[in-house]
Amino acid sequence: MGVHTLTKEQYPIANTNTLNFLKTNVLSVTDISRTKKLSEILDRFSNGVSDEVFVIQNAKKKDALAVVIDIDYFEQLLQIKEVVEEALDQIVMEEAYARKNKPVNQTLSDIFDEADINVNELMKLLEED
């Protein structure tokens with residue numbers, strides 16, 4: 001039996017901010033359904049864009065989690081995501097055009113192996129879009 005040391009990446013350090021978030025922004029389905037918490041959260045969002053995040057979880061199903069955020073804030077996050085995706089597409093296209101007339105010295109298979117890319121997983125991801 002070996003010794004296992006936990007790193008910071010495995011377990012984030014708890015501080016008062018973390019504790020306050022857990023106490024006020026992580027709610028159970030029971031909290032939402034038996035109280036006016038959902039109405040209170042929605043009222044908070046009615047005063048303009050809010051970056052406040054609430055996590056709702058089902059105590060009986062640990063994988064049943066959802067996030068409630070202000071719709072305007074969500075729209076901003078989607079816009080940021082779209083800009084980042086467009087920028088990445090632009091970078092890829094620029095790189096492809098820059099390499100267009102250069103001689104090929106590696107096969108696609110070599111590149112996938114070098115970058116440890118699973119072709120089957122990549123195909124599934126491409127089909128999802």
No-hydrogen, no-angle side-chain donor-acceptor test under 3.5 Å, Glu94 and Gln90: yes
Result for side-chain contact (heavy atoms from CB on, under 4.5 Å) between Val55 and one of Leu65, Asn25, Leu22, Leu27 points to Leu65
Between Phe45 and Asp72, does the side chain to side chain contact (heavy atoms under 4.5 Å, CB included) criterion hold? Intermediate values first, please. CA-CA 9 Å; Phe45 294 158; Asp72 294 324; over 6 Å; no
Check your understanding: For the hydrophobic clusters of this structure (ILVMFWY residues joined by side-chain heavy atoms under 4.5 Å, transitively), does one cluster hold both Val49 and Val53?
Key -> yes
d(Leu77 CG, Glu82 CD) to nearest 0.5 Å is 11.0 Å
| request: Verify side chain to side chain contact (heavy atoms under 4.5 Å, CB included) between Arg44 and Glu52, making sure each step is shown before the conclusion. | output: CA-CA 9 Å; Arg44 286 181 177 190; Glu52 203 164 4; 2.5 Å; yes
Quiz item: In the single-linkage hydrophobic clustering (I, L, V, M, F, W, Y; side-chain heavy atoms under 4.5 Å), do Leu19 and Val26 co-cluster?
Solution: no
Separation between CE (Met123) and CG (Asn118), nearest 0.5 Å, reads 11.5 Å
All heavy atoms of Phe54 vs all of Thr24, minimum pair found to be CE2-O, 3.9 Å
Would you find more than 12 non-hydrogen atoms of other residues, nucleotides or ligands less than 6.0 Å from Ile111 atom CD1?
-> yes
- Just do the side chain to side chain contact (heavy atoms under 4.5 Å, CB included) check on Thr35 and Lys37 with the steps written out, would you? CA-CA 5 Å; Thr35 66; Lys37 276 288 192 195; 3.2 Å; yes
Residues at least two apart in sequence or cross-chain that pass side chain to side chain contact (heavy atoms under 4.5 Å, CB included) with Thr107, listed by chain then number, are Ser109, Asp110
- Query: What's the verdict on salt bridge (Lys or Arg N to Asp or Glu O under 4.0 Å) for Lys81 and Glu85, showing C-alpha distance, side-chain angles and the deciding distance?
  - Reply: CA-CA 6 Å; Lys81 179 182 180 273; Glu85 287 174 350; 2.9 Å; yes
- Query: Under 4.5 Å between side-chain heavy atoms, hopping through other hydrophobics if needed: is there a path connecting Val67 to Leu42?
  - Reply: no
When rounded to the nearest 0.5 Å, the distance separating CG of Asp31 from CD1 of Ile56 is 9.0 Å
dist Gln76:CD -> Asp70:CG (nearest 0.5 Å) comes out at 8.0 Å
_Run the side chain to side chain donor-acceptor pair (under 3.5 Å) test on Thr18 and Asn15 for me, step by step, so that the C-alpha distance in whole Å, both residues' side-chain angles and the decisive distance to 0.1 Å come before the verdict._
CA-CA 5 Å; Thr18 305; Asn15 57 34; 3.1 Å; yes
Between Ser50 and Tyr73, the two heavy atoms sitting closest are O-CB, 3.2 Å
Quiz item: Is there a path from Leu78 to Ile69 through hydrophobic residues (I, L, V, M, F, W, Y) whose side chains come within less than 4.5 Å of each other?
Solution: yes
Inset, instruction - Report whether Ile71 and Leu38 are members of the same hydrophobic cluster (ILVMFWY, side-chain heavy atoms less than 4.5 Å apart, transitive linking). - result: no
dist Asp43:CG -> Lys36:NZ (nearest 0.5 Å) comes out at 10.5 Å
Residues Arg99, Glu95: salt bridge by 4.0 Å N-O rule
yes
